[in-house]
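The structure appears below as structure tokens.
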Amino acid sequence: MSRAIDAEGLTHRFGDGETAKPVLLDLTLSVEAGEIVLLTGPSGSGKTTLLTLVGGLRAVQDGRCTVLGTELAGATEAERVALRRRIGFIFQHHNLLGFLSARQNVAMALEVDPSLSEQERLDRADLALDAVGLSDKREAYPSTLSGGQRQRVAIARALVHEPGIVLADEPTAALDGRTGGEAMRLLRRLAKDRGRTILLVTHDPRILDIADRVVAMEDGRIVETARA
Amino acid sequence: MLPMRLAWRQLRHEPARLLAALSGVLFACLLIFMQLGFMDALFDSAVKPQAGMRADLYLMHRQTEALWRTQPFPRARLMQALGVEGVDRVVPLYVGNAAWKNPVTSLKRTLLVFGAAPESGLLDYEGLDDAGREAIRRADVVLFDERSKPEFGPIPALLAEGPLFVELANRRVEVAGLFRIGATFGSEGNALTSETNFLRLFPNRTFGHVDVGAIFLLPGVDAAAVKARIAPLLAEDVMLMTRQELVDFELRYWAEAAPIGFIFGMGVVIGLVVGCVIVYQILFSDIARHIGEYATLKAMGYSNGYLARVVLGASLILAVAGYVPGWLASKALYILATEKIFIPLTLDLEKSILVFCLVFGMCVISGLLAIRKLRDANPADMF
């Protein structure tokens, strides 16, 4: 099996010179394609920074990080933008666009691809919403949806363009335990059906069961890896 | 097209804010249209008296700045031109400001009086007929410009009732007929009479000093060629102009010597700046309020360029959607101005296109300024 994420000797500092504070120290992590990996650890341990580096949202400072075959060390902004189009993002807050309906929000993940027709985009958005059980909320605006429904729209948006990897940061933080658990089991089922890779940062011990592997971080290093 | 659609969906989602933005553009449109309208009307009306003059060449004193403030020059200068080949005849024109007493309210107001031999054919204003030309041959008879401001009195209505006498330059004169020039920025009203009557109205003026010397040429003679022949004969104190040069001379006075052209130009600039600030504020705060959404789009793989096109798309939508009601409102105000203050404003295609380009440019500049705020949308902050 090929590797979706392959990071080696990744070191990252915030700030300059004397005051520079390292958040990642010589970190090495690889994730196989189709694997679901949960990243846990206390706040400040560098989980989120690792996620932004893997997602191409931040430039790599030291070390090597290959994601979906793209080497991110020394990558240009344009290369990182191109990589981001092959990644599905799920945020702590749903981050849906308030002025777009559920279906338009999901279709936004497809509008970066000029080869698709409007009809194809909408059809695929509808299928993605069907898959998260929101067929009847296609025309609804985020403000009229419940927290759980919004996060399911966000999941549909993260999956609709068939990304190589899904990156999620505390996706259950804004949800109650039951709703969060349901959303994550849905995410796992959809990912496993299509063999998608997931790297998910969480504090939430109730969702550890969706993982193939749990990786614990502390002070910018991986301290423990547990097979689920 | 897709960025434009996204911009439209964002604008449409908050109708109240959209309305505020549109009224900003509308206001700028209106301000610019009014300024340009008044400026054009100024220049059009300023040369209405000249537009009705039928001679080919004109003499004026060098110290004359505009028709409403002329410096008389010796009539002999005009006679010098008579001997030149190609000249048919010369006509002296007298121009002066005099107080006209409103026959209803008895309030006095200054208007411009033209005096020229009625049979000369020099003055050919709208509504000026042979009966009128015949009437001003009689002593103390004048014709009145019915497009003068209403403060001079309801002259046409009074005239319809029977013979009308008014006080002009402290003299009792009969109003025997009407013609049409309209109020200009130099005069609020006009009256016309013969040169003999003119000298009666202005006792301190003499027959020997004229304000404008009109030179008629023989048919088929080139005005420029005759001008070149006359010019060397003239003393330094007068200037010789063709009809077009006379019109341009008057226009230049209003554009440069009088600060009016500058003032209206300033008005246009202020309109643009105000519109720019309003549109920029709306676009900027839209980005600031949706910074998380823009950052999300960046994380999803949308480039800076794409999002910049969204913001520019929004500014173009505002430009077009604000211009249309702005044009309509301006049209209404133009009609109102023409009817109420007797300054004819014309909303022609040229002006419409000019204002659209200005407003479009204004919105693009606002959009480009607001785009800088997009840099603050950092997708790495979303996690």
Side-chain angles (χ1 to χ4, degrees), chain A residues 12 14 47-59 77-101 104-114 116 118 121 141-143 154 157-158 160-161 163 167-171 173 201, chain B residues 1-22 282-283 285-315 317-318 321 371-372 374-383:
Chain A
H12 201 87
F14 287 125
K47 314 182 290 289
T48 298
T49 306
L50 176 61
L51 209 58
T52 57
L53 286 174
V54 169
L57 302 176
R58 243 184 247 287
E77 168 75 15
E79 285 166 345
R80 288 194 283 130
V81 168
L83 171 67
R84 298 206 293 252
R85 294 181 184 176
R86 295 158 59 209
I87 295 177
F89 289 95
I90 301 173
F91 305 92
Q92 188 165 352
H93 300 283
H94 57 85
N95 286 4
L96 298 175
L97 275 59
F99 56 90
L100 295 182
S101 67
Q104 288 167 345
N105 260 295
V106 175
M108 277 311 288
L110 299 168
E111 276 189 19
V112 275
D113 181 357
L116 292 175
E118 176 70 5
R121 281 196 291 266
Y141 283 84
S143 56
R157 180 175 69 176
V160 68
H161 57 303
L167 297 178
D169 185 41
E170 309 268 6
V201 165
Chain B
M1 217 45 230
L2 287 178
M4 189 74 115
R5 186 177 70 175
L6 193 63
W8 167 235
R9 284 173 172 171
Q10 185 176 345
L11 287 173
R12 165 186 80 173
H13 190 66
E14 288 173 285
R17 289 178 62 81
L18 176 60
L19 212 63
L22 287 183
I282 295 278
L283 292 176
S285 62
D286 264 349
I287 298 175
R289 283 149 34 94
H290 296 116
I291 200 86
E293 292 171 357
Y294 279 108
T296 306
L297 289 174
K298 277 193 187 175
M300 285 163 65
Y302 284 87
S303 62
N304 279 318
Y306 189 99
L307 299 181
R309 290 207 294 282
V310 174
V311 176
L312 267 188
S315 69
I317 290 169
L318 291 180
I371 280 169
R372 295 180 309 164
L374 277 178
R375 286 196 219 124
D376 292 353
N378 183 2
D381 296 340
M382 296 317 296
F383 281 143

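Protein chains get the first letters and strands the later ones, always in sequence-line order, with residue 1 at the start of each. Computed from a predicted model, the values in this text were never measured in an experiment.
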Between atom CG of A/L100 and atom NE2 of B/H13, what is the distance when rounded to the nearest 0.5 Å?
8.5 Å
Measuring from A/F99:CZ to B/H290:NE2, what's the distance to the nearest 0.5 Å?
6.5 Å
Testing the basics here: between A/F91 and B/A299, what is the closest heavy-atom pair and its distance to 0.1 Å?
CZ-CB, 3.9 Å
Could you grab the distance from atom CE of B/M300 to atom CZ of A/R157, nearest 0.5 Å is fine?
5.0 Å
Measure distances from A/L53 to the heavy atoms of chain B and classify the residue's part below 4.5 Å as side chain, backbone, both or neither.
neither
Among A/E111, A/R86, A/R58, residue most engaged with chain B (heavy-atom pairs, under 4.5 Å)
A/E111
Any donor-acceptor N/O pair, B/Y302 side chain to A/M108 backbone, under 3.5 Å:
yes
B/L6 portion near chain A, given a 4.5 angstrom heavy-atom threshold
both
Pair B/N304-A/V81, side chain to side chain contact (heavy atoms under 4.5 Å, CB included): steps then yes or no
CA-CA 10 Å; B/N304 279 318; A/V81 168; over 6 Å; no
Between A/E118 and B/R5, does at least one N-O distance fall below 4.0 Å, as a salt bridge requires?
yes
Taking all non-hydrogen atoms of both residues, which atom of B/N378 and which atom of A/L57 are closest, and how far apart?
OD1-O, 4.5 Å
Rounding to 0.5 Å, atoms OG (B/S303) and CZ (A/R80) come to a distance of 13.5 Å
Would you check, one step at a time, whether the test side chain to side chain contact (heavy atoms under 4.5 Å, CB included) holds for B/T296 with A/H93?
CA-CA 11 Å; B/T296 306; A/H93 300 283; over 6 Å; no
Go through the atoms of B/Y294 and report whether side chain, backbone, both or neither lie under 4.5 Å from a heavy atom of chain A.
neither
Just by modelled atom types, is the A/G98 backbone N or O under 3.5 Å from a matching donor or acceptor in the B/E293 side chain?
yes
Which one of A/E170, A/E77, A/Q104 has the most heavy-atom pairs closer than 4.5 Å to chain B?
A/Q104
